[in-house]
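In what follows, a structure is listed as structure tokens, so that the remarks can point back to it.
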Amino acid sequence: MIRVYNTLSKSKEPLAPVSPGKVGIYLCGPTVYKPSHIGHMVGPVIFDAVKRYLVYSGYETTLVINVTDVDDKLIAESNARGMPMADLAAEMTADYMNNLDALGVDSVDHFPRATDFMDAIVDLTATLVDKGFAYESDGDVYFEIGKCADYGKLSGRSIEDMRGLGGGTAERKRSSADFALWKAAKPGEPSWKSPWGAGRPGWHIECSAMSGRLLGETFDIHGGGLDLVFPHHENEIAQSESAHGRPMAKYWMHNGLMQASSEVGKVGGRKTRAATEGDLESQEAAKISKSKGSSAFREMLDMFPGETIRFFLLSTHYRRPIDFSNERIEQVGTGLETFYRFFKRYDRVTGESFYALPVAATRAEGDFDPAGDSLLVDVAKHRDAFLEAMDDDFNTGGATAALFDLVRRLNKFVDEKKLEETAKDHAAALDSLRRGAATLRELGSTLGLFRRPIDEKGNADDELVDGLMRLMIDLRAAARKNKDFATADQIRDRLGELGVTLEDRPGGTEWSRA
RNA sequence: GGCGCCGUAGCCAAGCGGCUAAGGCAGCGGAUUGCAAAUCCGCCAUCCCCGGUUCAAAUCCGGGCGGCGCCUCCA
């Protein structure tokens with residue numbers, strides 16, 4: 001039984017899809033006017049894992065992430081850069097897609113773009129006007145919050161709380177809290193035809209329109225960052241539910257926001273803030289956000305492998321805010337290496353590739369009977385712990401602990417059975433190891449991890465280096481054979497200074513680059 | 001001011017009423033190794049403070065203190 005924390009009820013609820021066996025997920029994606037930063041990757045990585053886990057759990061799952069490619073900020077940026085809005089959007093969308101790809105986010109079924117759904121947006125707006133929830137004013141169309149009885153149910157705000165100044169359009173609105181569904185085009189702005197004249201959609205309407213088209217009037221899970229609860233999601237609910245007369249989504253899942261830690265020093269953070277005694281500038285820099293500016297995600301990919309960043313994002317529970325720093329990513333990267341080392345060890349012992357192990361597509365398929373095999377009894381136990389954590393509101397942090405327990409058990413098994421030295425004599429043990437390793441790969445894959453070999457620095461991509469290393473290792477082996485340890489150690493130490501690590505194993509010496 | 005979140009070892013972090021409080025990073029012992037590396041074993045926390053509820057609280061309630069988010073563009 002999978003349980004999901006629902007922002008709407010502020011509690012965990014058993015997952016009971018609208019249509020049994022099927023789950024529809026809509027995640028609010030980016031407005032593509034600038035290169036994406038790490039904050040944009042949090043939701044996609046989490047929901048990619050959520051989808052994998054749901055599929056693994058037997059649900060036919062559809063994941064939709066929208067791309068908002070028309071908006072005030074896009075217009076401003078395209079003017080500033082002197083290029084058409086559509087070109088800017090295309091460029092930034094490509095950047096976004098490349099970033100997702102590097103993180104292994106490839107389970108997304110649809111990336112609908114707002115400009116491809118203009119008809120749906122206009123239709124929905126017209127429906128709201130027809131039903132009396134919205135009104136036209138000087139070519140703009142506004143949603144009238146006062147007509148929506150339960151407005152504020154998601155964020156816990158009352159309409160009274162909402163009465164602000166109303167922005168620059170106050171004089172055209174009936175109430176300052178009303179929000180725009182459609183904005184009349186000013187000269188030179190990109191626009192689309194509508195019953196109210198040429199214009200473009202307001203910020204929230206595209207999500208209501210696209211989710212309705214792709215997932216239905218009531219779908220299962222709507223996700224997004226915590227910062228979208230108000231006003232974005234609140235307004236989506238108002239639009240969709242007023243138009244359709246039924247709930248928009250059963251479960252609202254919100255992920256915690258990425259925050260910059262002072263260690264990075266680039267965008268400030270908590271400690272910086274303390275140090276500067278509440279200085280306004282550093283205070284505002286604590287949260288990474290589009291408008292505050294932070295380095296492009298693309299640059300981070302030059303520093304860390306995508307899988308390491310993914311593991312970092314999944315190392316804590318998705319609802320928790322997560323502090324970002326290079327140091328922390330390095331730490332989880334160090335942890336990840338434990339797995340990679342085991343994979344190589346597995347290859348050595350079995351002569352087969354870990355990455356070639358079959359992965360059970362579903363939970364039921366992955367179930368197995370330990371049949372009294374002491375290794376497999378433990379493997380099953382850790383598998384259960386993993387599933388239990390994931391069932392509980394996708395607790396990826398707890399789940400990764402089970403993964404670490406599992407590799408340790410597998411390593412211990414290889415040690416105890418001395419499989420590195422005498423694998424050939426232990427056919428039965430190898431079978432157990434295979435079964436256990438397959439479980440590790442299966443579980444990892446539900447998080448989108450361990451799916452394909454990582455890129456190793458150095459090795460094999462340079463014939464000369466490879467040949468030189470073989471030479472050094474052979475010379476050192478000869479020295480060791482002659483008990484000339486001074487020479488052997490000198491070779492190893494000097495290579496160490498160059499960032500090359502040598503490891504002597506039963507089957508020979510292996511080298512790797514830091 | 002309004003709404004909300006968080007405070008668990010040196011650092012990160014799971015646990016959210018009841019087993020010896022997961023796991024990772026770092027550190028310290030030990031096994032292994034010619035010495036290392038890797039691996040394995042062991043050690044390293046009474047859960048911000050004060051009250052309360054309960055047979056029983058890190059977990060619930062109240063009050064402090066501290067950190068943060070939203071209320072304006074944001075994933």
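Below, read A as the first sequence line, B as the second, and so on, with proteins coming before strands; counting in each chain starts at 1.
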inquiry  = Rounding to an integer number of angstrom, what distance separates B:C71 and B:U53 when you compare their P atoms?
reply    = 41 Å
ask   = Taking OP1 and OP2 of B:A26, is either one under 4.0 Å from a side-chain nitrogen or oxygen of A:Thr334?
value = no
task = Check every strand shown and say whether A:Gly335 touches a base, only sugar-phosphate, or nothing at a heavy-atom separation below 4.0 Å.
result = sugar-phosphate
query = How is A:Thr338 classified with respect to the nucleic acid when contacts are heavy atoms under 4.0 Å: base, sugar-phosphate, or nothing?
reply = sugar-phosphate
ask   = Are any of the side-chain nitrogens in A:Glu420 or A:Arg348 under 4.0 Å away from the carboxylate oxygens of its partner?
value = yes
query = Between residues 499-507 of chain A and RNA chain B, which residues have a heavy-atom gap below 4.0 Å?
reply = A:Thr501, A:Leu502, A:Glu503, A:Asp504
query = Does the side chain of A:Asn411 get closer than 4.0 angstrom to OP1 or OP2 of B:A38 through an N or O atom?
reply = no
key: Student check: side-chain heavy atoms of A:Trp252 and A:Val229 closer than 4.5 Å   = no
request  = To the nearest 0.5 Å, tell me how far A:Leu100 CG sits from A:His40 NE2.
outcome  = 11.0 Å
task = In whole angstrom, give me the gap between the C1' atoms of B:A57 and B:C19.
result = 15 Å
query = Using a cut-off of 4.0 Å on non-hydrogen atoms, how would the nucleic acid contact of A:His317 be classed: base, sugar-phosphate, or nothing?
reply = sugar-phosphate
message = Please tell me if A:Ser512 has a side-chain N or O lying less than 4.0 Å from either OP1 or OP2 of B:A37.
response = no
query = Can you tell which of B:G69, B:G23, B:C35 lies closest to the side chain of A:Leu257?
reply = B:G69
ask   = In whole Å, what separates the P atom of B:G34 from that of B:G42?
value = 25 Å
task = Using a cut-off of 6.0 Å, state whether more than 12 heavy atoms not belonging to A:Arg383 lie near its atom CZ.
result = yes
ask   = Whole-Å distance between B:A13 P and A:Ile322 CD1?
value = 7 Å
message = Does anything in residues 98-115 of chain A come within less than 4.0 Å of RNA chain B? Heavy atoms only, and list the residues if so.
response = none
request  = Round to the nearest Å and state the distance from A:Glu421 atom CD to B:U32 atom P.
outcome  = 14 Å
query = Using centres under 5.5 Å plus planes under 30 degrees as the test, is A:Phe404 stacked with B:G23?
reply = no
inquiry  = Taking B:C47 as the reference, what is the distance to B:A22 when you measure between their C1' atoms (whole Å, please)?
reply    = 14 Å
remark   = Applying the 3.5 Å cut-off to both distances, the Watson-Crick or G-U partner of B:C43 turns out to be B:G27
query = So do the side chains of A:Ser175 and A:Tyr142 get within less than 4.5 Å of each other, counting heavy atoms only?
reply = no
request  = Using modelled atom types only, decide if a donor and an acceptor are shared between the side chain of A:Arg310 and the backbone of A:Leu447 within a distance under 3.5 Å.
outcome  = yes
note = When rounded to whole Å, the OH to C1' distance for the pair A:Tyr318 and B:A14 reads 15 Å
request  = Determine the Euclidean distance between corresponding C1' atoms of B:G52 and B:U59; express it in Å to zero decimal places.
outcome  = 15 Å
query = Rounding to a whole Å, what distance do you find between A:Leu74:CG and B:C73:C1'?
reply = 12 Å
task = Classify the angle between the aromatic ring planes of A:Phe450 and A:Phe354 as parallel (below 30°), tilted (30 to 60°) or perpendicular (above 60°).
result = perpendicular
request  = Report which part of the nucleic acid A:Arg3 touches: base, sugar-phosphate, or nothing (heavy-atom distance under 4.0 Å, all strands).
outcome  = nothing
ask   = Rounded to whole angstroms, how far apart are NE2 on A:His233 and P on B:C71?
value = 13 Å
key: Whole-Å gap separating C1' (B:A37) and CG (A:Asp415)   = 14 Å
ask   = Does the side chain of A:Asn66 come within less than 4.5 Å of A:Cys28's, by heavy atoms?
value = yes
ask   = Which residue, A:Lys12 or A:Arg319, contacts RNA chain B at a nucleotide closer to its 5' end, judged by nearest heavy atom?
value = A:Arg319
query = According to the interplanar angle, ranging from 0 to 90°, do the rings of A:Tyr26 and A:Phe219 count as parallel (below 30°), tilted (30 to 60°) or perpendicular (above 60°)?
reply = tilted
ask   = Does B:C68 have a Watson-Crick or wobble partner in any strand here, with both distances under 3.5 angstrom, and which is it?
value = B:G4
message = Here's a test of your reading of the structure: between A:Thr400 and A:Glu416, which maps to the more 5' nucleotide of RNA chain B?
response = A:Thr400
remark   = Under a 3.5 Å limit on both distances, the Watson-Crick or wobble mate of B:A9 is none
query = Considering only the P atoms, how many Å lie between B:G4 and B:A45, rounded to the nearest integer?
reply = 38 Å
inquiry  = When both hydrogen-bonding distances must be under 3.5 Å and the geometry is Watson-Crick or G-U wobble, what is B:U53 paired with, if anything?
reply    = none
ask   = Is any side-chain heavy atom of A:Ile25 closer than 4.5 Å to a side-chain heavy atom of A:Val64?
value = no
key: A:Arg328 side-chain proximity, nearest of B:A14, B:C40, B:A13   = B:A13
ask   = Base, sugar-phosphate, or nothing: which does A:Arg345 touch, judged by heavy atoms less than 4.0 Å apart?
value = sugar-phosphate
key: Passing candidate, salt bridge (charged side-chain N to carboxylate O under 4.0 Å, His left out) with A:Asp140, options A:Arg200, A:Lys183, A:Arg172   = A:Arg172
ask   = Quick one: does A:Asn395 reach the base of B:G15 with a side-chain donor-acceptor pair under 3.5 Å?
value = no
B:C60 versus B:C5 - spacing of their P atoms, nearest Å = 12 Å
task = May I ask you to say whether A:Arg298 pairs ionically with A:Asp95, meaning some side-chain N is under 4.0 Å from a carboxylate O?
result = yes
message = Under a 4.0 Å threshold between the charged nitrogen and the carboxylate oxygen, would A:Asp393 count as salt-bridged to A:Arg319?
response = yes
key: Under 4.0 angstrom between A:Lys412 side-chain N/O and B:U39 OP1 or OP2   = no
note = In whole angstroms, the gap separating P of B:A37 from NZ of A:Lys344 amounts to 17 Å
message = Base, sugar-phosphate or nothing for A:Arg408? Non-hydrogen atoms, less than 4.0 Å.
response = sugar-phosphate
message = Under 4.0 Å, heavy atom to any atom of RNA chain B: which of residues 377-394 of chain A qualify?
response = none
ask   = Can you find a pair of side-chain heavy atoms, one from A:Lys418 and one from A:His426, that are under 4.5 Å apart?
value = no
task = Using both distances under 3.5 Å as the test, list the Watson-Crick or G-U wobble partner of B:A21, or none.
result = none
query = How far, in whole Å, is B:C68 from B:U54 if one measures between their C1' atoms?
reply = 32 Å
ask   = When you check the phosphate oxygens OP1 and OP2 of B:G7, does a side-chain N or O of A:Arg320 lie under 4.0 Å from one of them?
value = yes
message = Distance check needed: B:C41 C1' versus A:Phe413 CZ, whole Å only.
response = 18 Å
ask   = Under 4.0 Å between a side-chain N or O of A:Arg341 and OP1 or OP2 of B:U39?
value = yes
query = Would you call A:Gln490 and A:Asp484 a side-chain contact if the rule is heavy atoms closer than 4.5 Å?
reply = no
query = Hey, are the side chains of A:Met390 and A:Thr396 touching, using non-hydrogen atoms and a 4.5 Å cut-off?
reply = yes
